[in-house]
Number of protein chains: 2
Amino acid sequence: MALGLIATITVQEGKNAEFEQIFLSLTEQVRANEPGNIIYALHRSKADRQIYKVLEQYDSAEALDAHGKADYFRDANKVLAALVAGPPEIEILDAV
Amino acid sequence: MALGLIATITVQEGKNAEFEQIFLSLTEQVRANEPGNIIYALHRSKADRQIYKVLEQYDSAEALDAHGKADYFRDANKVLAALVAGPPEIEILDAV
């Protein structure tokens, strides 16, 4: 079964541009390397400009698992860790 | 600028199957009739099985506006109104 995911990320004040640049580069790598990924789209809250939401969908639990283990994903998260205000909130959903 | 949207819908107990069938038919119509729609994907919460989240993205504010005014969308919402526990929560986001 396909899975959806909403990741809510809070970025530190003044780090938005750097965060977006790194995350968009990660997005390209996800789209280029993960056939099981269907949706991977970064969005920025209108209510709080430090909050971002990534809308994601994977064709299987295995595809989501592979995403989390990808080197480029782990490398990007090491860099992003210095730009965010805490760990992301992750909500996993069943695609209908 | 492209817009993201998360619609959170609470369905009445016992109405899930009917809700899903109508919403999936609406999804086909959206994909067939709205070139400005990029993402339109129904998901079901794992935490509360009566809660659904629709992950959406439009290439412009005009495309989102057209979606809201489409006959099939208005017709589907008339039917869905009898199946949901209240109006949807809508969060509109800026795509990055």
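Letters A, B, ... mirror the listed sequences (proteins, then strands); counts begin at 1. All of these numbers come straight from a predicted model, not from anything done at the bench.
Taking 4.0 Å as the cut-off between side-chain N and carboxylate O, Arg74(A) and Asp71(A) do not count as a salt-bridged pair.
Inspection of non-hydrogen atoms places Glu20(B), Leu24(B) of residues 7-27 of chain B under 4.5 Å from chain A. The contact list for residues 40-54 of chain B toward chain A, using heavy atoms and a distance under 4.5 Å, reads Ala41(B), Leu42(B), His43(B), Arg44(B), Ser45(B), Lys46(B), Arg49(B), Tyr52(B), Lys53(B) by residue number. Residues of residues 55-69 of chain B placed with any heavy atom under 4.5 Å of a heavy atom in chain A are listed by number as Leu55(B), Glu56(B), Gln57(B). Among the residues in residues 86-96 of chain B, those with a non-hydrogen atom closer than 4.5 angstrom to a non-hydrogen atom of chain A are Glu91(B), Ile92(B), Leu93(B), Asp94(B), Ala95(B), Val96(B).
Once rounded to the nearest 0.5 Å, the distance linking CD of Glu28(B) with OH of Tyr72(B) reads 12.5 Å.
Follow the hydrophobic side-chain contacts under 4.5 Å out from Ile38(B) and you never reach Val30(A); the two are in separate clusters.
Interface residue Ile6(B): only side-chain heavy atoms are found under 4.5 Å from chain A.
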